[in-house]
Amino acid sequence: WLSGFFDKGSFMELMEGWAKTVICGRARLGGMPVGVIAVTTKMVEEVIPADPAMPDSKEIVTVKAGQVWYPDSAFKTAQAIRDMNSEDLPLIIFANWRGFSGGMRDMFDQVLKFGSYIVDALVAYEQPISVYLPPHATLRGGAWVVVDSLINPYFMQMYADPRARGGILEVEATCGIKFRRKDELLTAYRLDGRLQSLKSKLESHNKNSSKGGNSESEADTKQQLPPRHSSPSGGGSGAADRPVAVAAGKQELLQEIRDREQKVLPSFHQAAAMFVDLHDTPGRMKAKGIINEIVPWESSRKYFYWNIRRRCQMARLAKMVREALPSLAFFSAEKRVKELLAATELSKVWSDDEKVFAILRDNESIIKAAVPHLRAEHLAAKARAFFNEQHKANCVEGVGKFLSSLQLDKDAAARLKKWVNANM
């Protein structure tokens with residue numbers, strides 16, 4: 001048994017008989033339960049049974065390509081994401097899609113609508129989502145748009161193996177748009193010495209032909225026809241054969257140029273494809289801020305175990321802060337958590353998931369103790385929002401009525417009176 005990504009025997013597939021181009025399920029990563037969405041890379045047969053109520057109906061077998069979202073597989077993906085969100089499971093998506101099926105039948109089957117369901121489910125997700133491009137995976141076209149981390153910036157993060165590739169267009173499609181055959185020819189004539197030499201010979205050949213009495217238009221023709229009659233004298237025969245020899249020499253040069261072009265163009269096309277492929281590498285994606293980190297497959301299990309535990313713990317603390325301060329976004333709530341834990345070494349070890357998780361776990365009591373103060377801060381902010389110079393008298397009267405309606409014991413009333421005397 002070769003060690004896989006999840007704990008041995010922990011993966012349990014869901015809805016396995018439906019939409020087999022996508023694999024959804026639950027598993028454990030180091031004992032931690034997680035949701036899983038992966039993709040099938042091989043061809044899949046879909047069998048639609050005959051309708052027993054219709055004698056003329058027949059069983060239909062269709063073949064679907066792997067790495068493609070079809071209407072049923074897109075719906076299955078969205079449904080699985082919603083189910084896992086309701087269970088508060090962190091989600092791992094092994095992204096290896098080339099896009100959505102764009103056939104007319106799939107468009108009538110509402111593939112775009114079901115694709116939008118995936119986006120809606122990811123937007124509503126409130127647990128860490130890790131989108132990981134495994135080795136030799138490709139993420140292209142509309143599939144990239146659906147799982148982009150900007151859909152849910154706080155909870156979604158993207159990672160890639162060094163051997164993965166990602167981009168909207170395939171390499172050949174980009175070459176066909178940005179570096180066409182005419183561009184390859186220009187580059188070949190600029191860099192290939194043999195083509196430059198043959199081009200110079202052709203130009204000099206055309207100049208010599210024009211000096212010999214032929215017009216430029218005749219020199220540029222690919223073939224010069226001999227005259228219809230020849231002189232019986234030897235001199236007349238040589239003069240008649242001269243244009244034929246000139247045309248034959250030019251044809252030989254043109255044929256050499258064509259042969260050379262056919263020989264070198266594949267090399268230049270390959271170089272262009274390699275250059276385009278460099279834009280799709282994880283290094284370039286990380287430089288552009290599209291992915292968070294490059295994670296080799298060999299160390300991915302340990303990396304994601306601590307990364308997900310750290311993010312789950314931080315999300316838990318941020319939700320505590322947001323319950324006390326509902327107006328805060330998750331990023332602002334995380335910032336408040338950092339401020340409350342400023343006395344710890346959190347900022348010094350922020351790049352180490354294991355150490356950050358340990359600090360967050362051990363100091364959770366600090367956040368719990370700060371929640372009442374944060375709730376008081378929220379109430380004070382709401383009171384200030386209602387308080388202004390025009391309605392100062394009404395506000396004071398309202399606050400007085402509110403305080404008088406409170407059923408406070410003697411100690412609480414004494415503390416309130418003391419606070420009012422000190423602050424008013």
Side-chain angles (χ1 to χ4, degrees), residues 29-34 85 88-92 123-132 149-159 286-295 299-300 302-387 412 415-416 418-420 422-424:
L29 180 61
M32 175 178 55
V34 295
N85 186 31
D88 287 335
L89 289 177
L91 177 63
I92 299 178
V123 168
Y125 214 90
E126 291 194 353
Q127 290 294 328
I129 304 172
S130 301
V131 181
Y132 181 51
S149 59
L150 294 178
I151 292 174
N152 193 343
Y154 183 75
F155 288 105
M156 288 187 69
Q157 293 185 3
M158 292 189 71
Y159 305 89
K286 189 173 187 301
K288 298 295 290 183
I290 298 173
I291 63 174
N292 295 79
E293 195 60 62
I294 301 173
V295 183
S299 60
S300 60
K302 179 180 179 181
Y303 178 87
F304 281 108
Y305 172 75
W306 289 113
N307 177 268
I308 293 174
R309 292 203 70 181
R310 168 240 184 103
R311 291 164 61 195
C312 284
Q313 184 67 18
M314 176 58 80
R316 187 162 170 266
L317 299 181
K319 288 178 181 178
M320 288 184 187
V321 173
R322 290 189 78 240
E323 287 178 1
L325 298 172
S327 60
L328 288 184
F330 273 103
F331 283 107
S332 301
E334 182 177 307
K335 184 178 179 181
R336 292 299 294 268
V337 171
K338 293 179 183 178
E339 292 174 355
L340 293 171
L341 301 180
T344 65
E345 296 183 352
L346 185 64
S347 59
K348 298 180 181 178
V349 297
W350 187 250
S351 59
D352 191 323
D353 291 330
E354 184 176 357
K355 293 180 180 179
V356 170
F357 167 73
I359 293 175
L360 295 176
R361 178 195 58 195
D362 297 339
N363 294 278
E364 183 175 339
S365 58
I366 297 177
I367 307 301
K368 290 181 178 179
V371 167
H373 302 286
L374 296 175
R375 191 174 289 115
E377 177 184 333
H378 173 65
L379 293 175
K382 291 185 69 175
R384 283 195 299 270
F386 285 107
F387 187 82
R415 288 198 303 269
L416 178 61
K418 182 179 179 181
W419 184 88
V420 170
N423 294 277
M424 300 298 289

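Because the structure is predicted, anything quoted here is derived from the model rather than measured.
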Salt bridge check: are E126 and R322 linked by an N-O gap of less than 4.0 Å?
->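 Salt bridge absent between E126 and R322.
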Look up atom [atom1] in [X] and atom [atom2] in [Y], then write down how far apart they are to the nearest 0.5 Å.
| X | Y | atom1 | atom2 | answer |
| --- | --- | --- | --- | --- |
| D353 | Y305 | CG | OH | 12.0 Å |
| D352 | F357 | CG | CZ | 12.5 Å |
| Q157 | N292 | CD | CG | 4.0 Å |
| S149 | F155 | OG | CZ | 14.0 Å |
| K368 | L317 | NZ | CG | 9.0 Å |
| D88 | Q127 | CG | CD | 5.0 Å |

Which pair of non-hydrogen atoms, one from [X] and one from [Y], has the smallest distance, and what is that distance?
| X | Y | value |
| --- | --- | --- |
| P90 | Y125 | C-OH, 4.3 Å |
| E334 | A318 | N-CB, 4.3 Å |
| V371 | A324 | O-CB, 3.8 Å |
| A369 | H373 | O-CD2, 3.5 Å |
| L328 | S332 | CD2-CB, 3.8 Å |
| I308 | L29 | CD1-CD2, 4.3 Å |

With side chains defined as the heavy atoms from C-beta onward, is the minimum distance between [X] and [Y] less than 4.5 Å?
| X | Y | result |
| --- | --- | --- |
| N363 | L340 | no |
| W350 | R310 | yes |
| V131 | I291 | no |

What's the verdict on ring-ring contact (aromatic ring centres under 6.0 Å, His included) for Y159 and Y132, showing C-alpha distance, side-chain angles and the deciding distance?
-> CA-CA 5 Å; Y159 305 89; Y132 181 51; 7.4 Å; no
Atom [atom1] of residue position [X] - does it have more than 12 heavy atoms of other residues, nucleotides or ligands inside 6.0 Å?
| X | atom1 | value |
| --- | --- | --- |
| K338 | NZ | yes |
| K302 | NZ | no |
| E293 | CD | yes |

Testing K355, M314, R309, R316 for side chain to side chain contact (heavy atoms under 4.5 Å, CB included) with L360, which one passes?
-> M314
